[in-house]
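Comments concern the structure below.
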Amino acid sequence: MFALLLLQLFLAFPFSASAATAVLTDYFRESWSTRQGLPHNTINSISQTPDGYLWFATWEGVARYNGREFKVFGREQQTGLPDSGIRALHLDPKGRLLLGGSRGGMALLQDQQWRPVDPVSSLVNEVRGDAKGQLWVGTEGGGLFCLQTDGSRQQWTRHHGLPSNTIYSLLHDKQGGLWVGTAEGLAYLHDGKLTKVANSPKSPVFALTFYKNQLYMATERGLFQQQGEGFVLVQPELQHTAISRLLVDHHGDLWIGTVEEGIFRLSNYGLEQLTAKQGMPNNRVLTIYEDNEHSIWLGTNGGLFRLRDAPFATLSTEQGLPDNFVRTVLQHSDGSIWIGTARGVARYLNGKLLTEQNLLPEQSVLSLAETATGDVLVGTYSSGVFQYSEGKLTKLLDRSSGLLSNEVRAILPLQDGSIWLGTAQGLNHYQAQQMQSYTTREGLTADFVVALHKIGDVLWIGTGTGVTRLVNGKFEPLPLSQLDQTEYAFDFFEQAEQKLLWLATDRGLVRYRLDTAELSLIGRKAGIPFDKIFQVQADLHGNLWLSSNRGILRISQQDANAVADGTATSIAYELYGESDGMLSAQANGGSNPAAILAQDGALWFATASGVSRVQPDRLAVFAEATPPVVLEELLVNGVAQKIDDSIELPPDSDRVELHFAGLGYVMPGRIQYRSQLIGFDANWLDRGQQNFAEYTNLAPGRYEFQVQAANPGGKWSETARIELIKQPYWWQTRNFQWLSALSSIALLLLLVYWRMSSLRHSEQRLKRQVAEKTAELQQKANSLQAADEEKSALLAQLHQQTLALELQARQDGLTGLANRRAFDEVLSKEFMRSQRLKQSMALAFIDIDHFKKINDTWSHNAGDLALVAIAEKIRQHSRSVDCAARWGGEEFALLMPSTSLEQAQLVCERLREEIMLLDWLDIADGICITVSIGIAISDELNDAKQLLFLADQALYQAKQQGRNRVCAA
């Protein structure tokens, strides 16, 4: 009986190791269209070649994708296709990619080599390759073709027994047979014998697959399964659904693409659906594909769509949150997680949102806290504090109770039952029905209180202008301004065992040693990519997680302490955002708690679009997949070369560029590279995320370039390599060098012999002439010396004049900066270089505000002195690779190669502030000079004139907005 009971339980709750890992709506979703580089928005078919490239068939060619960009192949000599319209792709058992499309065109691709195939008579709907190397082609109106390895071909039509001459789907089975889906039913071909399948639906068969060892058939009237001699309709809810595609993934789940209703998945979660309402580009699914990393790709009429697992999962209104704007999140002792949103509070327990238990739907919730008795305190934006106790919700405190403000941003319940409350107007302490209030008048650094933490008898208070500690009833400020002018303290995180307190501030992460009171900043100088950090949380693996307006950072605690101790100058980090599963990279701060470590080890973050969670244990899963690396392009002196195993470089190959790609698609922006040019580099060079290597002026010889790729924390890929043989000039060859050496020795011997002979013949003659010539030679020597001195002086004078004229032609005479002519030359050269290397270049126009007033009020001499001083300040902020110039009048230009928009804004902001703070008393009393700056970036621009125009527009915007500011185009 016991065994029978176990069997019944097992059957009632089936478990499969290949069951889907998450509900369909939890998968991370991305889409691409022509805006991202696709040649056409209709994606007819998808495949992946053994080298790792993904291929997408469209009506304007087949697009090859490397995770960063698309390269399109169409009707050209390279492919041999008669038309760019591609309808079908298939990877055959030999690793060849088969392409079929309009005008019956076909081609084969293997090892990046194209081979055209003689076309068939009609549009190709489907292609398949078998183990024998034969190609099977289903056409639109032309029937079925078999292209054999000897070049012959065979055709089947209605005349041979096909239900229709239009073929939509082909499927090989284990018995060597071929199932043929036509416009009017199903046929089967085996050992050259073609038969119609009896009892199959007499309707278009758009797709075929084997699911749970049974043949499944997609039709315009639903999904059918073969049973015995006939077919039965499965999934009755799809009875009237036109089904276009089928796929069985590596979990064993069935994906069902439709003509008008998006995508369905049949798994242990039942039948689930996604449509355009959940982000699909279009509800018509033309193809479904699972890649090597187990992402699901959907081709639609509106573009490309991908579903994949991601490090982060996000709960939003789609899953039942009352609102997507989440301010606070709390781990309750009962295991539930409380989520405060702009429209009330939600609870999450055992993997589900308890939507029926949502609270305060009319309130914007700012803060949450759990009391010693398990009650939950809810701080709101405009109504004070509510208390949830034993299933009942009551208002606890508001202005009428003595709260300084109904905007409650931090709540700290204590074991004695008292409560500290941080509000927008000050600090409150509630105890025994009594309320005490504290503001700047009592010693607070500021009234805007956003964070509270208690260590022993000391209360730590984070405000908008610093940190205050309440010690023995007195408020003591903790100076932070010396740390890069830090002000805001958004959060406290204590590590009691290490005697450390971490502060999230508006200038980075601050470490405070509780034993020595030592303060240290880990900010931009250490490599943190932005200033503001809202929350700090430690995981169970020795990492700190930092939330911000621009994503979630993960850093090593060990590295953070090394920077804080001064034993390291920079810190490595991982930045997570939208591409990692977050609906929004904007995490929220300014109220507490906005990040938590849950009981299961997951971290939760409040964001502007839902609450995002990450399980650090799973991050290793994303590093397990090793992206294969391929060499994509070889440029010699800027000219693309055909890539082969071995390349001979001509002697004049001054610049060699190699571009490569790690073919991973889950985290393509994070793929790391390392390379080595054997014969030149002593060791592997870590290139980070840079996917190209450049070498100049290589000496003649034989080299081997090697490159590897890896996901962060993962293993390095197999090596991609190419041999480079740099040919010497004729005078650099060994034979020529030996011949030159021997010739030089022989010539030297002849010269010595001739010289000695000549000296012997001349010795007597010279002795006779020496006396009479001595006086004459002395006189000539004196004359020559005088002439030489005069000539040297003249040459030196001419050289100085030449240098002065050359400098005058390219330099502004007043400021010493480059003039307009020199700047235009540099701009043209650097813009072409940035386009070739695909690097950002920034241009800033700097204009002195109200300069005419300076000339009119304090004289033109004062204006000239101001121009010189500002030019010097611009020169101080310029790198050796930058170009600073006087554009004209009171306007300057600063060109910054290899510079992002954010970096340029930082440089210009510092420049603007330093000019504003300059002391002008040595010029005249009462002068106050500011500048307006407009910035433009070269990304996506085709012409340097566009860059000038955008920078000028940004400068005009800065002046329109009131001057003394930096604006970016």
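For the residue pair Ile43 and Gly299, the shortest heavy atom distance occurs at CB-CA, 3.5 Å. The two residues Gln672 and Trp716 come nearest to each other via the heavy atoms O-CZ3, 3.5 Å. Residues Lys202 and Arg221 come closest through the heavy atom pair N-NH2, 4.2 Å. When every heavy atom of Val248 is checked against every heavy atom of Phe210, the shortest pair comes out as CG2-O, 3.5 Å. Minimum heavy-atom separation, Pro281 to Thr300: CB-OG1, 3.8 Å.
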Evaluate the side chain to side chain donor-acceptor pair (under 3.5 Å) criterion for residues Gln708 and Arg674: first the C-alpha distance (whole Å), next the side-chain angles of each, then the deciding distance (0.1 Å), finally the verdict.
CA-CA 6 Å; Gln708 294 178 327; Arg674 67 176 184 178; 2.7 Å; yes
Test salt bridge (charged side-chain N to carboxylate O under 4.0 Å, His left out) on Arg306 and Glu293 and set out the steps.
CA-CA 12 Å; Arg306 176 169 68 166; Glu293 296 171 316; 5.2 Å; no
Check step by step if side chain to side chain donor-acceptor pair (under 3.5 Å) holds for Glu290 and His250.
CA-CA 8 Å; Glu290 182 179 22; His250 75 289; 2.5 Å; yes
Start with the C-alpha gap between Glu633 and Lys71, add the side-chain angles, then the distance that decides, and say whether salt bridge (charged side-chain N to carboxylate O under 4.0 Å, His left out) holds.
CA-CA 12 Å; Glu633 191 173 29; Lys71 183 175 181 180; over 6 Å; no
Pair Gln239-Glu237, side chain to side chain donor-acceptor pair (under 3.5 Å): steps then yes or no
CA-CA 6 Å; Gln239 180 176 358; Glu237 52 267 60; over 6 Å; no
Working for side-chain contact (heavy atoms from CB on, under 4.5 Å), residues Tyr188 and Val180
CA-CA 6 Å; Tyr188 185 66; Val180 184; over 6 Å; no
Side chain to side chain donor-acceptor pair (under 3.5 Å) assessment of Gln278 paired with Thr275
CA-CA 6 Å; Gln278 287 81 42; Thr275 67; 3.1 Å; yes
Please walk me through it: do Val127 and Leu99 pass side-chain contact (heavy atoms from CB on, under 4.5 Å)?
CA-CA 7 Å; Val127 291; Leu99 296 86; over 6 Å; no
May I have the step-by-step check of side-chain contact (heavy atoms from CB on, under 4.5 Å) for Ser646 and Ile725, ending in yes or no?
CA-CA 8 Å; Ser646 181; Ile725 304 172; 3.7 Å; yes
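Put simply, the side chain of His190 gets close to the backbone of Gln175: a donor and an acceptor are under 3.5 Å apart. Using modelled atom types, no side-chain atom of Gln835 and backbone atom of Asp939 make a donor-acceptor pair closer than 3.5 Å.
Checked for salt-bridge contact, Arg245 and Glu126 meet the test: a charged N lies under 4.0 Å from a carboxylate O. Between Arg655 and Glu694 a salt bridge is recorded (basic side-chain N to carboxylate O distance below 4.0 Å). A salt bridge is absent between Arg68 and Glu632: the closest approach of a Lys/Arg side-chain nitrogen to an acidic carboxylate oxygen does not fall below 4.0 angstrom.
Atoms CG and CZ, from Leu677 and Arg721 in turn, are 13.0 Å apart once rounded to the nearest 0.5 Å. Rounding to the nearest 0.5 angstrom, the gap separating the CG atom in Asn301 from the CD atom in Glu260 is 11.0 Å. The structure places CD1 of Ile288 at 11.5 Å from OG of Ser45, a figure rounded to the nearest 0.5 Å. Within the model, atoms OG of Ser717 and CG of Leu663 stand 9.5 Å from one another, a figure rounded to the nearest 0.5 Å. Here CD1 of Ile243 is found 8.0 Å from CZ of Phe264. Values are rounded to the nearest 0.5 Å.
Heavy-atom contacts from other residues, nucleotides or ligands closer than 6.0 Å to CZ of Arg153 number more than 12. Annotation: Arg687, atom CZ; neighbour count of heavy atoms from other residues, nucleotides and ligands within 6.0 Å is above 12. The number of heavy-atom neighbours closer than 6.0 Å to CG of Asn213, taken from other residues, nucleotides and ligands shown, is 12 or below. Residue Arg836 places its CZ atom among more than 12 non-hydrogen atoms of other residues, nucleotides or ligands, all under 6.0 Å distant. The number of heavy atoms from other shown groups lying within 6.0 Å of CG (Asp644) is above 12. Within a 6.0 Å sphere centred on CD of Gln689, heavy atoms belonging to other residues, nucleotides or ligands number more than 12. More than 12 non-hydrogen atoms from other residues, nucleotides or ligands lie less than 6.0 angstrom from CZ of Arg308. For Glu229, the CD atom is loosely surrounded, since the number of other residues' heavy atoms within 6.0 Å does not exceed 12.
Between Tyr65 and Trp32, the ring planes are perpendicular. Angles over 60° get that label, and only those under 30° would be called parallel. A perpendicular orientation is assigned to the rings of Trp55 and Tyr53, their planes being inclined by more than 60° (bins at 30° and 60°).
Every residue was checked against the ring-ring contact (aromatic ring centres under 6.0 Å, His included) condition with Tyr703, not counting sequence neighbours, and none meets it.
Screening Phe224, Trp255, Tyr216 for a ring-ring contact (aromatic ring centres under 6.0 Å, His included) involving Tyr211 leaves a single residue, Tyr216.
Annotation: Trp297 is not in aromatic contact with Tyr289 [ring centroid separation under 6.0 Å not met]. Less than 6.0 angstrom separates the ring centroid of Phe73 from the ring centroid of Trp114. Between Phe692 and Phe660, the distance separating the two ring centers is not shorter than 6.0 angstrom.
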